[in-house]
Each structure stands twice: as C-alpha cells, then as structure tokens.
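Okay, so here's the structure we're looking at.
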Amino acid sequence: MIYLDDFRGDWTAIKKALPTLLEQYEAEIAAAPERLSLAGKTGPQALKEQCAWPVHYGMLKVEVTKLLKHIDSRIDAVRGELTRRYVETYSRDIGERVRERYIDNEESYIKARGLYLEIEEIRDKLVAICEAFDKRGFALRDWTALKVSELTDLTI
C-alpha cells in the first residue's frame, strides 16, 4: 500500500517522492486487469478477492485525490506568486485579462498544471478500476445466485 500520509503534507517531501509515487500508482493500475479477471479462478477465490481488491483500489483513489488537492494548492500558490510579480514589478499597468494570459503562459504554471493533469489521469484510471470491481461484484453475485438455484432445484 502507498501511504501519502507519511509525508504529512510537506510539499518538498512530496515533490521529491513524486516520481516514485507515480511509478507505484502505475504499477498498481497495471496489475488491475489480472486482479479483475475471473478466468481461471474458483468461485470462493474470486469471492475472497472481491472483498479485498475494491477496498485497496478505493484507498489508492483517495490517496491520489488527496495528492491532487496538494497540487491544486501548489497551483494556487504559483498563480498567486506570478500575480504578485506582475502587479508589483511590471513597468506598466496591465489589465487583469492580460495579466491572466501572461500567467497562463508562464513555464512554472504550465508545469504545475501538467503535473495536475497527469495525476488526474491516474485518479480517473483508479475510478474506472473501482467501477470495474463493482461490475465484477454484480457478476459474482449473479454467479452465486445461479449456483444456489442449482442446489435448490434438487429433489431429495
């Protein structure tokens, strides 16, 4: 399990560990198709897995959402810093729309937004995996109901 709480909201520590975190999240996402598959698994084995994996991926989704909130606050900080720079040090008075366009084209802002989009993609993949586990659970429920109905049709 990946624990973002180990960093206690310290942005410099998160930023340092971010490549490793992203690799771990991607590895978990890559392992999902095998974990979702019902082929070659017994019913009891699939039912046991159905209890564990949705919780695991749900927790990963929560961690990535928390990471997105950290990055969103960093984007706000970058935007605020750039706004202050343009307001305080720019040689002529510029309008708000022009200033916003300048900020949107600043390299630091573009990098922060790119990082946000990259992590948002990971979160979207985790959301899709969680939804797939829900559908897998419905399939297992139907399979279990079918097995139970086979047993109840027996005449003793």
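Below, each value reflects all heavy atoms present in this structure, side chains not excepted, and no hydrogens, waters or symmetry copies.
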* side-chain contact (heavy atoms from CB on, under 4.5 Å) between Ile29 and Leu60, intermediate numbers included -> CA-CA 10 Å; Ile29 290 169; Leu60 290 178; over 6 Å; no
* To do: Quick one: do Glu106 and Tyr86 satisfy side chain to side chain donor-acceptor pair (under 3.5 Å)? Show the steps, please.
  => CA-CA 11 Å; Glu106 285 285 339; Tyr86 278 110; 2.4 Å; yes
* Passes side-chain contact (heavy atoms from CB on, under 4.5 Å), Glu28 versus Arg35? Steps please. -> CA-CA 10 Å; Glu28 291 292 333; Arg35 294 171 179 167; 2.8 Å; yes
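- To the nearest 0.5 angstrom, Leu115 atom CG is 12.5 Å from His70 atom NE2.
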* List the steps and the verdict of side-chain contact (heavy atoms from CB on, under 4.5 Å) for Leu67 and Ile71. => CA-CA 6 Å; Leu67 183 58; Ile71 292 172; 4.2 Å; yes
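- Ring geometry for His56 versus Trp53: interplanar angle over 60°, hence perpendicular rather than tilted (30 to 60°).
- Across every non-hydrogen atom of Glu120 and Leu68, the tightest pair is N-CD2, 3.7 Å.
- Following chains of ILVMFWY side-chain contacts shorter than 4.5 Å, one cannot reach Ile110 starting from Ile103, and the two form parts of different hydrophobic clusters.
- Here the side chains of Glu100 and Arg79 are in contact, with some heavy-atom distance below 4.5 Å.
- The structure places NZ of Lys41 at 9.5 Å from CG of Leu140, a figure rounded to the nearest 0.5 Å.
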* To do: Assess whether side-chain contact (heavy atoms from CB on, under 4.5 Å) is satisfied between Leu18 and Glu23, documenting all intermediate values.
  => CA-CA 9 Å; Leu18 203 54; Glu23 285 177 19; over 6 Å; no
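- At a threshold of 4.5 Å between side-chain heavy atoms, the hydrophobic network of Ile, Leu, Val, Met, Phe, Trp and Tyr places Val127 and Leu22 in two separate groups.
- Here the side chains of Arg85 and Leu82 are in contact, with some heavy-atom distance below 4.5 Å.
- Between atom CZ of residue Phe138 and atom CZ of residue Arg141 there is a gap of 6.0 Å, rounded to the nearest 0.5 Å.
- Partners of Arg136 by salt bridge (charged side-chain N to carboxylate O under 4.0 Å, His left out), not counting sequence neighbours, listed by chain and number: Glu49.
- Of the inter-residue distances, the one linking Glu26 atom CD with Glu118 atom CD reads 7.5 Å to the nearest 0.5 angstrom.
- Using a cut-off of 4.0 Å between Lys/Arg side-chain N and Asp/Glu carboxylate O, Asp142 and Lys147 are scored as not salt-bridged.
- Here Leu117 contributes atom CG and Asp124 contributes atom CG; the two are 10.0 Å apart, rounded to the nearest 0.5 Å.
- Residues that satisfy the salt bridge (charged side-chain N to carboxylate O under 4.0 Å, His left out) test with Asp72, not counting sequence neighbours, are absent from this structure.
- The distance from atom OH of Tyr57 to atom CG of Leu126, rounded to the nearest 0.5 Å, is 8.0 Å.
- Using a 4.5 Å cut-off on side-chain heavy atoms (C-beta onward), Gln45 and Lys48 make no contact.
- Tyr116 and Glu121 share no side-chain donor-acceptor pair at under 3.5 Å.
- Across all non-hydrogen atoms, the minimal contact from Cys51 to Pro54 is C-CD, 4.2 Å.
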